[in-house]
Amino acid sequence: MRRNRCAALWAVLLSVLLCGCGRNPASSEQHTVTLVAKSTQTEFWLSVFAGAEAAATEYNLNLDIIGPETEEDYESQNQMIADAVEGGTEAIVFSAIDYENNAAAIDAAAHKGVKIVAIDSSVDSDLVSTYIGTDNYAAGQMAAQAALDRVGGQLKVGLVNYDISSANGQERERGAVDTFTASGRAEIVAVVNTLAEAEQARTDAAVLLLEHPEINVLLAFNEPTSVGAARAVEDLSRTEDIFLVGFDSNVVTVDGLQEGAVDALVVQNPYAMGYLGVESAYKLLAGQNDGMEHTVDTSTQIVDRDNLFTMDSQKALFAFEQRPD
């Protein structure tokens, strides 16, 4: 009788230990989260998705990843938000194509009880619980300072930016312009806003350089525009006399960094954006949001030819994983 009682006690104790040992004690309740991205094609977004999927696995979430075909199609994003809400999503992790024109769709989702986390590019809504991403103004400052630190004399600057309604690109441009202006030895010669698509950016950057041959510093503010600008510099055989600062990690720009078309890259941390974005969505749904910061600044660093092969730079450049088809 005593043996049976001890066996029963051990069984209860084992059950308690097994239930309490997991990181997510509510793992039997699988929440649904939707990540609405700006794009599903670039290496930047592949890295975001890898981080998001890692967090979804860790927190036992049902994660749906969607995005439009182009980084200008905010209307498709709005429809995706509405469809996700209709389909029962409980939280949306969102990167806005258009700061103002995506706001109504996000507000409508939040009013129906959906938790909202913004990553990468914010949206004009007071109902966003937290923003996770780069301090874009500071990143623009960093890009300009990279040129100022490495190029002597007077700087004649060309800027290649993407959609004028995208908050992160405009903040980067503002940071760069303010830094160049404060230096007293840089002139912004011309600015072009192009599509966030490498070939169009290549064409528009080439036109910019042909119209303004005096440009000796070129800044591009995201992955596709950086790829296009690098190809334009190569096409015009101006790798020796143009100092190009780009954004993000891409096979083309990393090769350009080694071969001379690119001189510095502002490398963000998209994996962290994806992971922390989905983790934050889980915490909101699980009621674990006490002390949650309204803004989380993910790390950003400059990579150039001098530090390209350091461990920190290699980790930053090649953090992404390819998603299975």
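Although no hydrogens or angles enter the test, the distance criterion places a donor-acceptor pair under 3.5 Å between the side chain of Glu197 and the main chain of Gln200. For the pair Glu71 (side chain) and Leu195 (backbone), a donor-acceptor distance under 3.5 Å is absent. Using modelled atom types, no side-chain atom of Ser122 and backbone atom of Ala118 make a donor-acceptor pair closer than 3.5 Å. Side chain of Ser121 to backbone of Ala96: a donor-acceptor contact under 3.5 angstrom is found. Thr253 places no side-chain N or O within donor-acceptor distance of the main-chain N or O of Ser249, the cut-off being under 3.5 Å. Between the side chain of Asp248 and the main chain of Phe44, no donor-acceptor pair closer than 3.5 Å is present. With Asn101 contributing its side chain and Asp98 its backbone, the two residues share no donor-acceptor pair below 3.5 Å. In this structure, the side chain of Glu90 engages the main chain of Thr32 through a donor-acceptor pair within 3.5 Å. Between the Ser183 side chain and the Phe180 main chain, a donor and an acceptor come within less than 3.5 Å of each other. Using modelled atom types, one side-chain atom of Asn102 and one backbone atom of Ile97 make a donor-acceptor pair closer than 3.5 Å.
Ion pairing between Lys156 and Glu187 holds under the 4.0 Å rule for side-chain N and carboxylate O. Of the charged side-chain nitrogens involved, none lies within less than 4.0 Å of a carboxylate oxygen, so that Asp312 and Lys315 do not count as a salt-bridged pair.
Counting heavy atoms from C-beta on, the side chains of Leu35 and Val48 come closer than 4.5 Å. A 4.5 Å side-chain heavy-atom check between Phe94 and Val117 finds every atom pair outside the cut-off. Counting heavy atoms from C-beta outward, Ile106 and Leu127 have side chains that stay 4.5 Å or more apart. Two residues are said to be in side-chain contact when any heavy atoms from C-beta on lie closer than 4.5 Å; Val252 and Arg231 meet this criterion. Residues Leu257 and Leu265 meet the side-chain proximity criterion, which asks for heavy atoms closer than 4.5 Å. Side-chain contact between Asp263 and Val151 is absent, with no heavy-atom pair separated by less than 4.5 Å. Contact annotation: the side chain of Leu209 approaches that of Ile242 to within less than 4.5 Å [non-hydrogen atoms, C-beta and beyond]. The shortest side-chain heavy-atom distance between Glu223 and Phe247 does not fall under the 4.5 Å cut-off.
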Before giving the answer on side chain to side chain contact (heavy atoms under 4.5 Å, CB included), spell out for Asn216 and Phe243 the whole-Å C-alpha distance, their side-chain angles and the decisive distance to 0.1 Å.
CA-CA 6 Å; Asn216 59 5; Phe243 190 94; over 6 Å; no

Report the C-alpha distance between Leu148 and Thr179 in whole Å, list the side-chain angles of each, state the deciding distance to 0.1 Å, and finish with yes or no for side chain to side chain contact (heavy atoms under 4.5 Å, CB included).
CA-CA 9 Å; Leu148 288 164; Thr179 300; 3.9 Å; yes

Begin from the C-alpha positions of Arg185 and Leu155 and carry the test side chain to side chain contact (heavy atoms under 4.5 Å, CB included) through to its verdict.
CA-CA 6 Å; Arg185 63 182 185 91; Leu155 277 60; 3.1 Å; yes

Is there a side chain to side chain contact (heavy atoms under 4.5 Å, CB included) between Leu218 and Val245? Walk through the geometry before answering.
CA-CA 6 Å; Leu218 192 63; Val245 183; over 6 Å; no

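Shortest non-hydrogen contact noted between Val233 and Ala261 is CG1-O, 4.2 Å. Closest approach of Arg202 and Asp235 over heavy atoms only: NE-OD2, 2.8 Å. Listed here is the closest heavy atom pair of Ser95 and Gln77: O-NE2, 2.8 Å. Minimum interatomic distance between Ala206 and Leu236 (heavy atoms only, all atoms of both residues): O-CD1, 4.0 Å.
Tracing side-chain contacts under 4.5 Å through hydrophobic residues (I, L, V, M, F, W, Y), one never reaches Ile92 starting from Val33; they form parts of separate clusters. Connection of Val114 to Leu284 is not established within any shared hydrophobic cluster, with ILVMFWY side chains joined at heavy-atom distances below 4.5 Å, either directly or through further cluster members. Hydrophobic clustering places Ile119 together with Tyr59 (ILVMFWY residues linked when any side-chain heavy atoms are closer than 4.5 Å, directly or through intermediates). Ile116 and Tyr99 fall into different hydrophobic clusters, where Ile, Leu, Val, Met, Phe, Trp and Tyr side chains are chained together by heavy-atom contacts under 4.5 Å. Hydrophobic clustering (side-chain heavy atoms under 4.5 Å, transitive across Ile, Leu, Val, Met, Phe, Trp, Tyr) groups Ile188 together with Phe221.
Residues satisfying the side-chain hydrogen bond (donor to acceptor under 3.5 Å, both in side chains) criterion with Asp107, sequence neighbours excluded, are Ser125. Take Lys283 and apply the side chain to side chain contact (heavy atoms under 4.5 Å, CB included) test, not counting sequence neighbours, and it matches Glu279, Gln288, Met292.
Of the inter-residue distances, the one linking Leu308 atom CG with Thr310 atom OG1 reads 8.0 Å to the nearest 0.5 angstrom. The OG1 atom of Thr89 sits 8.5 Å away from the CD1 atom of Ile66 when rounded to the nearest 0.5 Å. Remark: Ile215 CD1 to His212 NE2 distance equals 6.0 Å, nearest 0.5 Å. Rounding to the nearest 0.5 Å gives a distance of 8.0 Å between OH of Tyr131 and CG of Asp135. Atoms CG and CG, from Asp255 and Asn250 in turn, are 9.0 Å apart once rounded to the nearest 0.5 Å. Separating the OH atom in Tyr162 from the OG1 atom in Thr194 is a distance of 12.5 Å, to the nearest 0.5 Å.
Using bins of under 30°, 30° to 60° and over 60° for the plane-to-plane angle, the ring pair Tyr275/Tyr271 lands in the parallel bin.
In summary, of the residues considered (Asn289, Val93, Thr130, Val296), a side chain to side chain contact (heavy atoms under 4.5 Å, CB included) with Ser280 occurs for Thr130 alone. Of the residues listed (Asn193, Asn161, Asn168), the one engaging Glu173 in a side-chain hydrogen bond (donor to acceptor under 3.5 Å, both in side chains) is Asn161, and it is the only one. The side-chain hydrogen bond (donor to acceptor under 3.5 Å, both in side chains) test with Ser166 is passed by exactly one of Lys38, Arg172, Glu72, Glu171: Lys38.
Heavy-atom neighbours of Asp126 CG from other residues, nucleotides or ligands within 6.0 Å: at or below the threshold of 12.
Checked by atom type, the side-chain pair Tyr282/Asn60 shows no donor-acceptor distance below 3.5 Å.
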